[in-house]
Amino acid sequence: MKPFLQVKDLCVAFPTEDGQVKAADGISFDLNQGETLAIVGESGSGKSVTNLAIMGLHNKSKTQISGSVTLNLPNQVIDVISSTEDEVRKLRGSTMSMIFQDPMSSLHPYYSVGDQISEAWRLYNSGSKADGIKRATEMIDLVGIPDAAKRVREFPHQFSGGMRQRVMIAMALVNNPKLLIADEPTTALDVTVQSQIMQLLKDMQKEFNMAILLVTHDLGVVAQVADRVCVMYAGKIVEQAKIDEIYYRPAQPYTVGLLQSIPRVDQFHGKRLTAIQGQPPSLINLPQGCSFAERCEFKKHVTGNLCTEVAPLLEEKADSHFARCHLSAAQIQDLAKVAK
Amino acid sequence: MLKYISRRLSYTIFILILISLVVFLIFALLPADPAALTCGKTCNPQVIEANRHRLGLDVSVWQQWWRFIVGLFQGRTYGEAEALIKCPAPAFGYSFNRHECVTKIIADAFPITLSLAIGAFIMWLSIGISLGVLAARFKGKFVDRASTVFVLIGTSLPTFISGILILLFVVIKFGLVNPLDLGNWANPFTDPLGWLKTFFFPCLTLAFAYAASYTRFTRSNILETSTEDYIRTARAKGLSEKVVLRKHTLRAALAPIVTIAGLDFAGLLGGAIITEGIYNLAGLGRLSIRAVLVDYDLPIILATTLFAATFVVVMNLIVDILYAFIDPRVRVG
Amino acid sequence: MSNNILELENLSKYFTTTSGGAFSRRKGVVKAVDSVNLTVAEGETVGLVGESGCGKTTVGRTVIKLYEPTAGKIIFEGEDITKYSRSKMKPLRSKMQMIFQDPFASLNPRKTVGSIIQSAYDIHGIKPAGGSENEIRSLLERVGLNSEHINRFPHEFSGGQRQRIGIARALALKPKLIVADEPVSALDVSIQAQVINLLDDLQAELKLSYLFIAHDLSVVQHISDRVVVMYLGKVMEEASTAELFAAPRHPYTKALLSAVPIPDPIIERKRERIILKGDLPSPMNPPSGCVFNTRCWKAADICRTTAPQVLQISPKHNLACHFPE
């Protein structure tokens with residue numbers, strides 16, 4: 001069976017005065033029904049740009065997009081990139097939905113939450129306004145907002161941040177989408193609310209058997225929910241594997257660095273953190289070789305100037321474990337142990 | 001919501017009382033003696049005192065003010081016996097200059113000003129908002145650049161120039177309206193064509209200046225709103241660009257226009273002095289400017305000042321209530 | 001008496017809010033900080049944690065007297081500075097500095113890095129030995145920037161570098177106490193570690209004391225010697241870092257810790273989470289009794305009526321709970 005979502009060689013570039021910014025470069029991954037894929041990266045790594053391209057939300061007059069984003073639906077196969085604006089629009093909110101980082105500003109302040117959810121439902125279902133509100137009430141109840149019948153008539157400013165994110169989730173799921181893109185869904189929330197929302201997403205995934213594409217910078221959240229992980233750096237995927245592979249057998253120096261640099265609440269060692277030195281490169285002037293070479297601790301173990309001259313390809317280093325590095329997976333894992 | 005409205009209403013009444021008091025105090029402090037002004041060539045202190053009594057100016061400012069307020073509700077009389085003058089409620093005073101109750105004078109002038117204000121208001125809103133929406137929708141394209149030119153001309157031409165230009169080069173040159181008919185009052189309900197003849201061009205003159213700034217305002221508000229997160233949410237829902245613009249962007253972008261439009265409209269209701277002057281319209285603007293410059297007719301000045309202030313305050317109330325309907329966030333406070 | 005550089009005694013900061021029109025003015029009081037006791041010893045890092053609205057930022061700002069305290073005492077180096085006027089505070093300000101969350105917002109975009117740091121000297125009329133430019137250059141090197149950067153503007157730097165500039169400015173006056181308000185939460189993960197390491201190094205080298213305010217418990221655990229947990233303006237629990245994280249006694253602390261995700265999938269799969277019900281109550285209208293009772297799974301009648309006192313349960317462990325874990 002073909003995977004539900006296939007992204008192949010997706011490139012998103014913005015022309016700017018200083019030159020072209022390749023915000024996402026050669027992104028490829030698959031996502032199956034019921035699966036959670038996490039895209040991890042820092043600001044400017046291209047993770048959000050990738051998602052907006054999948055949703056077809058980029059302004060086409062200001063963006064150059066190439067590659068393909070294929071949705072294998074039961075009765076049709078559709079490529080988001082080559083389809084018309086109208087065809088893609090009809091996928092949004094029905095086949096694929098999205099929730100955003102800041103629930104405070106993502107809901108329209110002038111409409112009641114019931115109206116907003118009902119609007120999303122009525123777009124793809126024939127029903128009266130009253131039916132829409134009824135459906136909205138069910139959804140609000142489903143996402144765990146107490147007193148749904150009353151709250152459906154309330155406005156976004158009457159909800160707390162966590163509750164607003166629940167409303168966003170209710171709205172995204174009202175048409176039983178096959179794919180939910182969650183762009184930093186808990187970054188703006190407090191930690192106790194974050195765990196509520198992540199739990200809710202897990203429950204909803206079971207309920208609707210949907211695929212989730214989770215975009216985040218938080219490796220803790222990823223460990224909590226993801227099945228597979230893509231690590232992005234400077235617009236490229238640098239490593240892609242099953243979750244345990246990424247955490248216990250990372251095969252790319254940036255991933256190694258990330259995992260070592262975060263303090264853990266369950267381990268108290270009192271030693272210095274192992275930080276990644278330097279800054280991410282500017283996307284306008286990407287170095288010729290590996291984008292990470294300048295900051296890489298393991299570079300010295302590669303012969304010659306390979307790292308600064310030749311950009312490594314995304315290779316399968318182990319069974320469905322892809323990484324972009326001139327070193328082998330075994331070499332990196334040995335070096336990582338020493339670094340610890 | 002009811003609580004909000006009643007609170008705002010009581011606040012408005014309080015402000016109105018305060019304004020009337022302030023206006024009275026200002027007139028009491030003026031160096032001119034209104035009683036002396038009523039007195040013709042054969043003037044002597046007895047006549048002045050008698051007039052002062054007839055005008056009701058021989059009591060303290062507070063009492064004058066109180067009589068004015070009572071008069072508003074009960075009507076007022078001036079003088080005694082054979083020279084008794086009666087002004088029915090609401091009495092705004094009596095103009096000895098014109099030998100008429102001020103209420104009647106204002107009632108004659110107000111329909112003209114109202115016609116002008118409403119006509120101009122409809123014109124500038126429809127031109128300004130639609131042009132602003134088009135300019136925002138086709139940002140950087142021809143429509144947008146054309147609207148920029150319109151905005152530049154509209155905002156930089158004052159009405160006393162644009163009005164005269166329209167009068168000279170459109171109305172008179174093309175003989176659209178007989179210049180002698182300019183300023184003739186026609187009832188819009190019985191004689192719509194005659195009304196249009198009188199008011200179309202004055203309204204256009206006023207609307208021209210306002211429409212320009214409304215175009216600019218609408219355009220920038222729409223562009224700003226379209227970068228909001230909730231607009232992205234609306235697109236992610238699968239709404240078409242048209243619906244996103246109509247239902248989501250416009251609603252938020254136009255809300256502030258309600259406030260500005262309401263206050264601009266209220267300002268016009270006090271009288272459009274220049275436009276009324278150019279087109280020879282006997283509206284409130286001309287009434288007050290004559291009362292100030294020609295006749296020094298204090299009761300009229302007092303009444304028109306109060307009138308204009310009342311419009312602004314009442315419109316403020318209406319705008320606030322409207323805004324609470326538009327923006328639910330205001331309701332709770 | 002002690003070697004405490006900072007002592008807060010029953011510190012409270014209330015904000016009054018007004019709403020309504022000219023006639024019906026309702027006054028609300030937000031007890032942003034309510035009777036907080038806290039000490040920071042010389043060379044110590046005290047972490048102050050809690051969720052949004054718990055009052056941790058207000059504590060920080062009240063300590064350096066950006067806010068006037070409503071009640072209680074602030075004792076700095078044994079001096080009671082609670083009632084100090086602006087002019088009396090001035091010499092003390094060089095000894096206590098603040099680092100902010102958003103390094104960009106706190107740096108004047110029209111000034112070069114050099115003149116931003118220079119202004120710290122100018123305000124206090126300090127002329128560093130060896131010339132201020134040399135001093136600024138060595139400061140920049142000290143915080144891991146290039147001394148050539150002295151003539152650049154803030155927008156030419158990345159987020160992490162800007163935070164280093166903020167730190168350099170705070171260090172210019174050789175402070176003893178630094179109040180750091182979410183200093184790394186706006187930074188990317190790989191940059192966070194660099195800045196945390198820098199703060200660690202500077203402390204060791206300059207014998208600084210930190211009041212480290214943050215919501216990220218992993219970071220707080222890493223950097224702090226002692227941790228104070230706040231909720232709705234009140235201290236819930238206070239203990240040495242090792243003790244607090246290994247054996248939290250307050251239900252809120254326990255829930256907070258259990259909510260923090262751990263970057264380890266196997267542990268995450270086995271973990272039992274305490275999912276707190278509901279939302280943070282409004283600080284305008286906090287629950288009666290123990291402020292945490294509306295979300296606590298152990299809440300009994302006494303919790304709804306009587307606020308628990310902060311009691312010492314072991315030498316370095318204070319707790320405000322009727323039913324500790």
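Lettering of chains follows the sequences in order, A, B, ..., and the numbering in each one begins at 1. The figures that follow rest on heavy atoms only: side chains count, while hydrogens, waters and symmetry mates do not.
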Exceeds 12 heavy-atom contacts within 6.0 angstrom, atom [atom1] of [X]:
| X | atom1 | answer |
| --- | --- | --- |
| A:E294 | CD | no |
| C:K31 | NZ | no |
| C:K316 | NZ | no |

Margin query: Among C:V195, C:V189, C:N197, which residue has the highest count of heavy-atom pairs closer than 4.5 Å to chain A?
Written below: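 With the most close heavy-atom pairs to chain A, the winner is C:N197.
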Note to self: If we define contacts as heavy-atom pairs under 4.5 Å, which of C:I274, C:D201, C:D216 has the most with chain A?
What the structure shows: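 If we count pairs closer than 4.5 Å to chain A, C:D201 comes out on top.
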Does any part of the side chain of [Y], heavy atoms only, come nearer than 4.5 Å to the side chain of [X], both counted from C-beta?
| X | Y | value |
| --- | --- | --- |
| C:P261 | A:Q194 | yes |
| A:Q279 | C:I191 | yes |
| C:E268 | A:V222 | no |
| C:D264 | A:Q224 | no |
| C:Q221 | A:P263 | no |
| C:L280 | A:S160 | no |

Item checked: From C:I196 atom CD1 to A:L273 atom CG, the distance as rounded to the nearest 0.5 Å ->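 Output value for this atom pair is 5.5 Å.
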Next item on the list: Mind checking the CD1-CD spacing from C:I275 to A:Q196? Nearest 0.5 Å is all I need.
Entry: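 Output value for this atom pair is 6.5 Å.
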Contact class of [X] relative to chain A, heavy atoms under 4.5 angstrom:
| X | result |
| --- | --- |
| C:L276 | both |
| C:T241 | side chain |
| C:Q192 | neither |
| C:I266 | both |

Which heavy atom of [X] sits nearest to which heavy atom of [Y], and what is that distance?
| X | Y | value |
| --- | --- | --- |
| C:P265 | A:Y247 | CD-CG, 3.3 Å |
| C:E51 | A:V191 | OE2-N, 3.9 Å |
| C:I262 | A:R264 | CG2-NH2, 3.6 Å |
| A:S195 | C:A259 | OG-CB, 3.7 Å |

Checklist line | Main-chain N/O of C:S52 paired to A:D190 side chain as donor or acceptor, under 3.5 Å | finding: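 Flag set: sc A:D190 to bb C:S52 pair under 3.5 Å.
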Note to self: A:D244 vs C:R269, test: salt bridge (charged side-chain N to carboxylate O under 4.0 Å, His left out). Steps then yes/no.
What the structure shows: CA-CA 11 Å; A:D244 287 12; C:R269 263 168 241 149; 2.5 Å; yes
Note to self: Ignoring hydrogens and geometry beyond distance, is a side-chain donor-acceptor pair present between C:S190 and A:E42 at under 3.5 Å?
What the structure shows: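 The criterion, which ignores hydrogens and geometry beyond distance, is satisfied for A:E42 and C:S190.
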Next item on the list: Using ring-ring contact (aromatic ring centres under 6.0 Å, His included) as the criterion, list what pairs up with A:Y254, not counting sequence neighbours.
Entry: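 For A:Y254, the residues satisfying ring-ring contact (aromatic ring centres under 6.0 Å, His included) (neighbours in sequence not counted) are A:Y233, A:F292.
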Note to self: Looking at C:R271 and A:D266, is there a salt bridge between them, counting it only when a charged N and a carboxylate O are closer than 4.0 Å?
What the structure shows: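 No, this pair does not count.
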Notebook entry, point to check: Which one of A:G257, A:G278, A:G220, A:G162 has the most heavy-atom pairs closer than 4.5 Å to chain C?
Noted result: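 Answer, by heavy-atom pair count under 4.5 Å with chain C: A:G220.
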Next item on the list: Could you pull out all residues at least two apart from A:E207 that satisfy side chain to side chain contact (heavy atoms under 4.5 Å, CB included)?
Entry: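 Only A:L142 meet the side chain to side chain contact (heavy atoms under 4.5 Å, CB included) criterion with A:E207.
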